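What follows is a set of notes on a single structure, which appears directly below.
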Amino acid sequence: MNAKKIIFYNQKGGVGKTTACVNLGSALSELGQKVLLVDFDAQCNLTSAVSGNARKANIYQVLVGNVQAASAVQSTIFPNLYLIPGSLDVAGLPIELVNENNREFFLKTALEPLNSDFDYILLDCPPSLGLETMNALSWADYVIIPLQCEYMAMEGLNLIMRTISNVKKNLNPDLKVLGILFTMYSKRTLLNRQVVDDISQFFGDTVFKTIIPRTVRLSEAPSHGLPINFYDKSNIGAKAFSELAKEVISRVE
Ligand SMILES: Nc1ncnc2c1ncn2[C@@H]1O[C@H](COP(=O)(O)OP(=O)(O)OP(=O)(O)O)[C@@H](O)[C@H]1O
Ligand SMILES: [Mg+2]
């Protein structure tokens, strides 16, 4: 196995990064892929969204070298789905690592040993352009850009694309954009439709064909610790993430 490493990245908050990470991960594991979720946001929303077994260690301890990555991997109650939990301590990393050379590569070094253990490693980023995000971008093979279909989406996207191109030049030449993912889409909202049309026209095939609809079930599921395919299998959100999983597999292979 040589894990495909995917991050969910948008410096804007509340656009559906964590929702995409947990539900795409679960949908991929349902298709038989062995999936590791990594919570790299100090808010730890991803960790709360998947009911896990007893906590061993967290991503902060792995990153600073106190714990081997493999021993921080915990199983979840879902088959084929594993988790490295998040930690509030991640928020202190920019200060702690300020004097370190190669501080953008701590995550890459720490997670390297896991590449042969999983089909996919999906990592949830915080909403920032800070050191944590730079570590994530230096480690990843692919970026998924969750985007809310709202006013200013295009401006945000230009900043993301510029950051990614800088990272490719300076930190990670192999980084690729796997796709732009529209989230919280409501077909009755004219603005949503316009934004999807404009961005799709501009970015073409970079946009995933699958669009994640706005549905209250997707916002309820994390409070039960369940991915949408376990919370409400027949929901349109579950169907969308299942479609997205197939699209992702076809794009990476
Ligand atoms: N498709 C959707 N339909 C309805 N609600 C959604 C959908 N996607 C996300 N939400 C809700 O919107 C909020 C923000 O989503 P989420 O936490 O996934 O965003 P985020 O980008 O990870 O946020 P942050 O930047 O704070 O980490 C959450 O309350 C979530 O439950
Ligand atoms: Mg989040």
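Since we're looking at a predicted model, the values are computed, not measured. The basis for the numbers below is simple: all heavy atoms, side chains too, and nothing from hydrogens, waters or symmetry mates. When a ligand or atom number is given, it counts from 1 through the structure's own listing order.
Near I212, with a cut-off below 4.0 Å to any heavy atom, the atoms of ligand 1 are 1 (N). Each of the following atoms of ligand 1 lies closer than 4.0 Å to a heavy atom of P127: 25 (O). Close contacts between ligand 1 and V15 involve ligand atoms 19 (O), 20 (P), 21 (O) [criterion: under 4.0 Å to a heavy atom]. Atoms of ligand 1 lying under 4.0 Å from at least one heavy atom of T215, given by number and element, are 3 (N), 4 (C). Ligand 1 places these atoms under 4.0 Å from at least one heavy atom of L218: 1 (N), 2 (C). Listed by number with element, the atoms of ligand 1 under 4.0 angstrom from any heavy atom of G13 are 25 (O). Each of the following atoms of ligand 1 lies closer than 4.0 Å to a heavy atom of D41: 27 (O). Listed by number with element, the atoms of ligand 1 under 4.0 Å from a non-hydrogen atom of Q43 are 24 (P), 26 (O), 27 (O).
Of the protein's non-hydrogen atoms, M184 CG, 3.4 Å is the one closest to atom 7 (C) of ligand 1. Among protein heavy atoms, atom 19 (O) of ligand 1 sits closest to G16 N, 3.0 Å. With hydrogens left out, the protein atom closest to atom 11 (C) of ligand 1 is S219 CB, 4.2 Å, a heavy atom. The nearest heavy-atom contact from the protein to atom 17 (O) of ligand 1 is T18 CB, 4.1 Å. Considering only non-hydrogen protein atoms, atom 24 (P) of ligand 1 sits nearest to G14 N, 3.5 Å. Remark: minimum distance from atom 20 (P) of ligand 1 to any protein heavy atom is reached at K17 N, 3.5 Å. When hydrogens are left out, the protein atom nearest atom 15 (O) of ligand 1 is T19 OG1, 3.8 Å; that is the closest non-hydrogen contact.
Atom NZ in K233 sits 10.0 Å away from atom CD1 in I228 (nearest 0.5 Å).
In terms of heavy atoms, I84 sits closest to L111 at CD1-CD2, 4.2 Å. Smallest separation of non-hydrogen atoms from K17 and K12: NZ-O, 2.7 Å. Contact detail for F118 and I121: the closest heavy-atom pair is CB-CG1, 4.2 Å. Minimum heavy-atom separation, L88 to C44: N-SG, 4.1 Å. Looking at every heavy atom in both residues, S116 comes nearest to P113 through OG-O, 3.9 Å. Nearest heavy-atom pair across L181 and T210 is CD1-O, 3.7 Å.
L97 and V167 end up in the same hydrophobic cluster when Ile, Leu, Val, Met, Phe, Trp and Tyr side chains are linked at under 4.5 Å.
Contact annotation for P213 and ligand 1: only backbone heavy atoms (N, CA, C, O) come within less than 4.0 Å of the ligand. Using a 4.0 Å cut-off between heavy atoms, T183 makes no contact with ligand 1 at all.
Of the N and O atoms on the side chains of N192 and S186, not one donor lies less than 3.5 Å from an acceptor on the other residue. At a cut-off of 3.5 Å, with distance as the only test, a side-chain donor of S234 or D232 sits close to an acceptor on the other residue. S138 and E104 are not linked by any side-chain donor-acceptor pair at a separation below 3.5 angstrom, with hydrogens and angles left out of the test.
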Checklist entry - Stepwise, does the side chain to side chain contact (heavy atoms under 4.5 Å, CB included) test hold for F202 with M154? => result CA-CA 10 Å; F202 193 82; M154 188 64 112; 3.9 Å; yes
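Closer than 4.0 Å to atom 29 (O) of ligand 1 lies none of the heavy atoms of the protein. Distance remark: protein heavy atom not present below 4.0 angstrom from atom 13 (C) of ligand 1.
Because the distance cut-off is set at 2.8 Å, N45 fails to qualify as a neighbour of the Mg ion (ligand 2), as none of its N, O or S atoms comes that close.
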